[in-house]
Amino acid sequence: MSSDIDTNVAPSGSGCHECDEQAGFWVHLRRCASCGHIGCCDTSPGQHATAHFRETGHRLVQSFEPGEDWYWDYADEAMFDGPELAPPTSHPADQPSPGPRGRVPLNWRELIHT
């Protein structure tokens with residue numbers, strides 16, 4: 001499993017790449033521990049972090065939320081402790097969750113997966 005983690009790769013950005021392309025929004029962000037791809041969580045409408053796992057086989061993600069450092073293994077469906085990844089380790093603290101600012105609809109709670 002540790003071979004699936006690259007501690008040197010930087011995150012792909014400060015928000016979900018696919019949501020940004022589609023002018024969508026996310027609830028929380030996840031960072032691929034293999035390639036740095038930032039995707040949105042499964043509560044988010046796009047569920048792009050899981051889609052990234054299905055497309056690439058990159059099974060390990062770390063939370064990309066301020067103050068969180070937990071990992072998730074999609075293959076084993078389990079949390080685990082892992083190494084510190086290259087900075088930044090979260091989206092900017094002034095970026096809200098859900099986010100990004102200005103794209104979250106007022107009825108966002110009706111649009112999420114629970």
Side-chain angles (χ1 to χ4, degrees):
M1 183 180 341
S2 62
S3 63
D4 295 324
I5 298 174
D6 186 340
T7 59
N8 297 310
V9 68
S12 63
S14 62
C16 176
H17 177 73
E18 292 83 1
C19 285
D20 283 341
E21 285 182 341
Q22 301 164 5
F25 76 97
W26 54 80
V27 177
H28 298 291
L29 297 171
R30 307 294 179 242
R31 175 183 180 173
C32 176
S34 296
C35 72
H37 173 270
I38 301 299
C40 57
C41 70
D42 284 352
T43 304
S44 302
Q47 301 179 341
H48 293 119
T50 296
H52 177 75
F53 158 65
R54 289 183 181 135
E55 291 167 10
T56 65
H58 296 170
R59 62 189 276 180
L60 308 177
V61 294
Q62 186 179 45
S63 174
F64 200 59
E65 295 296 321
E68 296 182 0
D69 61 1
W70 54 265
Y71 279 83
W72 177 257
D73 182 334
Y74 283 108
D76 289 344
E77 296 186 354
M79 293 181 83
F80 68 96
D81 292 324
E84 185 171 330
L85 299 177
T89 57
S90 71
H91 64 76
D94 65 349
Q95 177 179 296
S97 291
R101 183 174 287 111
R103 286 203 324 242
V104 181
L106 293 176
N107 67 335
W108 69 270
R109 285 182 178 85
E110 298 168 20
L111 305 172
I112 62 172
H113 302 275
T114 54

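Along the sequence shown, residues are numbered consecutively beginning with 1.
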Check: More than 12 foreign heavy atoms under 6.0 Å from CG of N107: is that the case here?
Finding: yes
Note to self: Is it the case that over 12 heavy atoms from other parts of the model lie below 6.0 angstrom from the CD atom of E21?
What the structure shows: yes
Treating Ile, Leu, Val, Met, Phe, Trp and Tyr as nodes and any side-chain heavy-atom pair under 4.5 angstrom as an edge, say whether [X] and [Y] lie in one connected cluster.
X: F53; Y: V61; value: yes
X: L85; Y: L60; value: yes
X: W70; Y: F64; value: no
X: V104; Y: I112; value: yes

For the student: nearest non-hydrogen atoms of [X] and [Y], plus distance:
X: R31; Y: V9; answer: NH2-O, 2.8 Å
X: C19; Y: H48; answer: SG-ND1, 3.5 Å
X: H113; Y: D42; answer: CB-O, 3.4 Å
X: P11; Y: P87; answer: CD-O, 3.8 Å
X: Q95; Y: W26; answer: NE2-CZ2, 3.4 Å
X: C40; Y: Q47; answer: SG-N, 3.4 Å

With rounding to the nearest 0.5 angstrom, report the [atom1] to [atom2] distance, [X] to [Y].
X: D81; Y: Q62; atom1: CG; atom2: CD; value: 10.0 Å
X: S44; Y: L29; atom1: OG; atom2: CG; value: 7.0 Å
X: D4; Y: C35; atom1: CG; atom2: SG; value: 11.5 Å
X: M79; Y: S63; atom1: CE; atom2: OG; value: 8.5 Å

Margin query: So that I know where these two stand, are H58 and H52 an aromatic pair - ring centroids less than 6.0 Å apart?
Written below: yes
Margin query: Main chain of D94, side chain of R101: is a donor-acceptor contact present, judged purely on distance under 3.5 Å?
Written below: yes
Check: Sub-3.5 Å donor-acceptor pair from the side chain of R59 to the main-chain atoms of D73, do we have one?
Finding: no
In the structure I gave you, are the side-chain heavy atoms of [X] and [Y] within less than 4.5 Å of one another anywhere?
X: E77; Y: W72; value: yes
X: S14; Y: I38; value: no
X: H91; Y: P66; value: yes
X: R109; Y: T114; value: no

